[in-house]
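Take this structure, written in structure tokens, and hold onto it; I'll ask about it next.
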Protein chains: 2
Amino acid sequence: MRNKVENKADQIYELLKQNDFKVTPQRKVILNLFFDKIGEHLSAEEVYNLLQENHPEIGLATVYRTLELYAELDVLQKMSFDDSKNRYELNNNDIHHHHHLICTGCGKVSEFSDDLLEALEEQITTKTKFKIMDHKVKFYGKCESCYNK
Amino acid sequence: MRNKVENKADQIYELLKQNDFKVTPQRKVILNLFFDKIGEHLSAEEVYNLLQENHPEIGLATVYRTLELYAELDVLQKMSFDDSKNRYELNNNDIHHHHHLICTGCGKVSEFSDDLLEALEEQITTKTKFKIMDHKVKFYGKCESCYNK
DNA sequence: ACCTCTGCTGATAACTAATATCGTTTAGTT
DNA sequence: AACTAAACGATATTAGTTATCAGCAGAGGT
Ligand SMILES: [Mn+2]
Ligand SMILES: [Mn+2]
Ligand SMILES: [Zn+2]
Ligand SMILES: [Zn+2]
């Protein structure tokens, strides 16, 4: 009996094959890193630095290429919190993406799971000809500790 | 009797003064450019190029500085449509920002005025300690013409 | 009207995230 | 085992932005 992460990883290896991409050691290692870092929003350089410990042979260009590939396949969600670099996290494609709450005081990013955009998306569908396939929602404000000072 | 744009511009000049910033010719020219380009989402370089015709003396660094300043003062809204450059448009601070609909086929950006995030913001306020002050919402999908082919 | 002083400006160097290039290696196939 | 297109690591290059700095200018004081 396989555990959940292995099963999920295998599904993604299958997805790679289905799209005529090779399942390379580098792609496996990087994917597994994201399984280990659920909840974090990692930049390419952060991924590269984390890899230094156990996989210093993996090059930075490969990290960039792999993150981009996984984002394309919707395995990773690509995002930016206005610090001029892209960040990635595992895309729990159980229903919709969560929303991000960004503290303008300390920069901390927290999350909110409920989607609750149905009403808005329905309005857009009714009033425009645009076919919505995805969305990104960011809220800016103050986290509890920044608000109380 | 002054017209609407002049009045609005004067208000923003006042805002600059209130915050101890000088009202310079460059800042006036760049602000007025945005009054002329309502509905567009201009990058720094696009602003710089538009200025070449009538104000080639204004340097690119000044454009960057001015856009950043106005964004700080909430005169301009700063945004990015994932083309790795920041874009700006006049912030109609009548109520909330509009939302952006980004076509993943042709890259065209359209807009949707109604805010309709009350329900979602209320949920976040109820369930978390986060104090929401602003939001950015982007929808990805297909515009009418990209959808029909 | 002139001085002063500080903020602002333009030119350009420096920085940084990301991408392109290229010779070598390797996964998947025969 | 051999083959080949895809992927790789190292590194050069690009592109958007920011930092630096000497000169300018405009508001306030005299
Ligand atoms: Mn997240
Ligand atoms: Mn807009
Ligand atoms: Zn905070
Ligand atoms: Zn389109």
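If you're wondering where the values come from, they're calculated on a predicted model, not measured in any experiment. We name chains A, B, ... by the order of the sequence lines, and we start the count at 1 in each one.
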Rounded to whole Å, how long is the line connecting atom NZ of K17(B) with atom C1' of dC8(C)? 16 Å
Distance to the ring centre below 6.0 angstrom and angle to the axis at most 45 degrees; does that hold for K28(A) and Y13(A)? yes
Take the protein atom CG of D20(B) and the nucleotide atom P of dC5(C), then report the distance between them rounded to whole Å. 19 Å
Distance check needed: dA25(D) P versus E57(B) CD, whole Å only. 12 Å
In chain order, what residues pass the side chain to side chain contact (heavy atoms under 4.5 Å, CB included) check against E53(A), with sequence neighbours excluded? none
Per-nt protein contacts along nucleotides 11-22 of chain D (heavy atom under 4.0 Å; B base, S backbone sugar-phosphate only, - none) come out as B----SBBBB--
Return the set of residues passing ring pair (Phe, Tyr, Trp, His ring centres under 6.0 Å) with H100(A) (not counting sequence neighbours), or none when no residue passes. H41(A), F81(A), H98(A)
Applying side chain to side chain donor-acceptor pair (under 3.5 Å), can you list everything that pairs with E122(B), at least two apart in sequence or on another chain? none
Heavy atom of residues 22-30 of chain B under 4.0 Å from DNA chain D: which residues? none
Keeping to residues at least two apart or across chains, list the ring pair (Phe, Tyr, Trp, His ring centres under 6.0 Å) pairs with something in residues 127-149 of chain B. H96(B)-H135(B), H99(B)-H135(B)
Expressed as a whole number of angstroms, how long is the span from Y13(A):OH to dG28(C):P? 12 Å
Can you sort out the partners of L50(B) under side chain to side chain contact (heavy atoms under 4.5 Å, CB included), two or more places apart, ordered by chain and number? L33(B), K37(B), L42(B)
Given atom CD1 of I58(B) and atom P of dA25(D), what is their separation to the nearest angstrom? 14 Å
In whole Å, what is the span from the OH atom of Y48(A) to the P atom of dT19(C)? 17 Å
What is the distance from CG of L16(A) to P of dC8(D), rounded to the nearest Å? 10 Å
Please enumerate all residues that pass side chain to side chain contact (heavy atoms under 4.5 Å, CB included) together with D20(B), with sequence neighbours excluded. none
For D83(B), the side chain to side chain contact (heavy atoms under 4.5 Å, CB included) test, sequence neighbours excluded, returns S80(B), K85(B), R87(B)
